[in-house]
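This report refers to the structure that appears directly beneath it.
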There are 2 protein chains.
Amino acid sequence: MKKTTKEQILEVSLLLFSEKGYDAVRVKEIADVVGIKAPSIYKHFKSKQDIFNAILEESNRRYALQTASFNMEGLDPKMDVGLFETITDEHMLEMGEALFNHFLHDEFTSKIRKLFTIEQFKNQELANLYVMQYMDSPLQYQRMMFELLIKKGLMRKGDPEIMAMQFFSPIFLLLVQCDANADKEMESLEKLKRHIIEFNRIYRS
Amino acid sequence: MKKTTKEQILEVSLLLFSEKGYDAVRVKEIADVVGIKAPSIYKHFKSKQDIFNAILEESNRRYALQTASFNMEGLDPKMDVGLFETITDEHMLEMGEALFNHFLHDEFTSKIRKLFTIEQFKNQELANLYVMQYMDSPLQYQRMMFELLIKKGLMRKGDPEIMAMQFFSPIFLLLVQCDANADKEMESLEKLKRHIIEFNRIYRS
DNA sequence: GTCTATAGACGGATAGAC
DNA sequence: GTCTATCCGTCTATAGAC
């Protein structure tokens, strides 16, 4: 099924906003890429700000869906933990790389993260969403997982909050580096592997 | 000695650019804060872009000075290592908190970091400077330090590059969180301490 | 729902007096 | 080196034909 003009406008706008920032993007630019004239945009959105708001709503919608699924199926840490009775390097590598690749390559996620990165200081609501979605949420998820792994005796006793931070923050730093310089991806993936193997060696019991 | 108008323009511009981004700041806004009329700006800078360039030059100047001093005095990792024959939690906490506080509270550094954060995707040069100054440089410094500490037998043998990443990336993540939400500073400092104590426990021999 | 034409406002920058 | 006055280009958004 073909994309509607409205969907195309949202898609193009997200791309441009995430690369140049809201203020630097012209309505004419969006229209040019979509292949229509600028005034036609206003048949679909009442203002440029309205486009931005729609993107934000879509982001919140997806985030809510994602966290809802955390408590029901597939992505619950209890389930993830249940998948392995022993922790091997392979398990951990898979989890870390999956997280890394999702954040880096998922069409929507990667653009929205860039958008939040460059628009976060405009208002506190944006800043809070940014921290919530790209730091606090993964940290909380992983904390729960490490808690369970410790309870099961698969990992050494320790502070699960700090363990989560020590596991996740290198992933976050490497993501920021790759966002800034896409050429670093291979190098970053290799460092990510070394980090996870080392982390596993340290905390696995 | 009083600040010249030119210096004031640069100072105010850095503040505004770092909060709202280059495109969202009006020349009139800068002039208002400085306390002059907008056209007077152009007696000091030939364009708005020229102000931005001057800020960038100042940033590069300071960065060059800083890295030059790494190889001569005070801040050489060889010297830092020489300061302690044993590694205590206190040594490590001091180093971590010093790094954290410098990045977070140094007038110029904290604003320039925010500016790089929100302008990085405008061109590759900015992105490279951002990664260099706020990630690669501290990582490289700490890698050298851990190499020396391992050689001295004060730390367990390991991959110094990964150790540096595991030590520094939580600091980086906490900084990003504090930039987005200044209220998190206390909480972040407390997490930083727990991280460093745990890191020290893991790698100290 | 797309177009052309254009309103209306604003922003960067210049001219020239003091 | 500051001001006032103003130009000129650009941008968001609307009006109205098709």
Side-chain angles (χ1 to χ4, degrees), chain A residues 1-59 111 114-115 118-119 121-123 125-126, chain B residues 1-59 111-112 114-116 118-119 121-123 125-126:
Chain A
M1 61 178 198
K2 270 194 345 208
K3 281 165 194 157
T4 65
T5 305
K6 188 163 185 172
E7 286 167 341
Q8 283 185 71
I9 293 169
L10 286 173
E11 197 178 311
V12 168
S13 298
L14 174 55
L15 176 65
L16 293 174
F17 288 160
S18 71
E19 281 176 347
K20 312 172 60 167
Y22 177 83
D23 295 291
V25 174
R26 305 298 150 206
V27 174
K28 184 183 184 307
E29 226 178 327
I30 299 168
D32 283 348
V33 178
V34 172
I36 56 177
K37 299 294 175 182
S40 302
I41 298 266
Y42 293 88
K43 293 290 176 183
H44 303 277
F45 298 94
K46 75 175 209 293
S47 67
K48 183 184 169 189
Q49 185 61 48
D50 193 35
I51 300 176
F52 184 86
N53 294 342
I55 290 172
L56 214 63
E57 273 168 37
E58 172 69 6
S59 169
K111 281 174 201 152
K114 284 192 180 188
L115 183 56
I118 62 184
E119 299 294 335
F121 302 133
K122 293 274 173 67
N123 71 66
E125 188 204 340
L126 284 173
Chain B
M1 61 176 198
K2 270 194 339 208
K3 279 162 196 160
T4 65
T5 303
K6 188 164 185 169
E7 286 166 341
Q8 284 184 69
I9 293 169
L10 285 173
E11 198 177 310
V12 168
S13 298
L14 174 55
L15 177 64
L16 293 174
F17 288 160
S18 71
E19 283 177 343
K20 312 171 59 166
Y22 177 83
D23 296 290
V25 175
R26 307 296 150 208
V27 173
K28 184 182 184 307
E29 226 177 327
I30 299 168
D32 284 348
V33 178
V34 171
I36 56 177
K37 299 294 175 185
S40 302
I41 298 266
Y42 294 89
K43 294 290 175 184
H44 303 278
F45 298 92
K46 76 174 209 292
S47 67
K48 183 184 169 189
Q49 186 62 47
D50 193 36
I51 300 176
F52 184 87
N53 294 342
I55 290 172
L56 213 65
E57 273 169 37
E58 173 68 5
S59 169
K111 282 174 201 151
I112 275 283
K114 285 191 181 191
L115 182 57
F116 275 128
I118 61 183
E119 299 294 334
F121 302 133
K122 293 276 173 65
N123 70 65
E125 188 204 341
L126 284 172

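Sequence lines set the chain letters: A, B, ... in the order given, protein chains first and strands last, and positions in each chain run from 1.
Atom NZ in K37(A) sits roughly 18 Å away from atom C1' in dT14(D) (whole-Å rounding). Atom-to-atom, CZ of F45(B) to P of dG11(C) comes out at 21 Å; the value is rounded to the nearest Å. Here dC11(D) presents its C1' atom at 12 Å from OH of Y22(A), a figure rounded to the nearest Å. As rounded to whole Å, 16 Å separates atom C1' of dT2(C) from atom NZ of K6(A). Here dA13(D) presents its P atom at 13 Å from CD1 of I9(A), a figure rounded to the nearest Å. As rounded to whole Å, 12 Å separates atom C1' of dC11(D) from atom CD1 of I30(A).
Separation of atoms OG1 (T4(B)) and CD1 (I9(B)) is listed at 8.0 Å; rounding is to 0.5 Å. To the nearest 0.5 Å, the span separating NZ on K37(B) from NZ on K28(B) amounts to 7.0 Å. Atom-to-atom distance recorded for K3(A):NZ and Q8(A):CD is 7.5 Å, nearest 0.5 angstrom. With values rounded to the nearest 0.5 angstrom, I51(A) atom CD1 is found 4.5 Å from I30(A) atom CD1. In this structure, CZ on R26(A) lies 5.5 Å from NZ on K48(A), to the nearest 0.5 angstrom.
Under 4.0 angstrom from either OP1 or OP2 of dG1(D) there lies no side-chain N or O belonging to T5(B). A sub-4.0 Å separation between OP1 or OP2 of dG1(C) and a side-chain N or O of S40(A) is absent.
Aromatic ring orientation, Y22(B) versus F52(B): perpendicular (interplanar angle above 60°, classes split at 30° and 60°).
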Contact string for nucleotides 12-18 of chain C, one letter per nucleotide 5' to 3', B = base within protein heavy-atom range under 4.0 Å, S = sugar-phosphate only, - = neither, reads SBB----
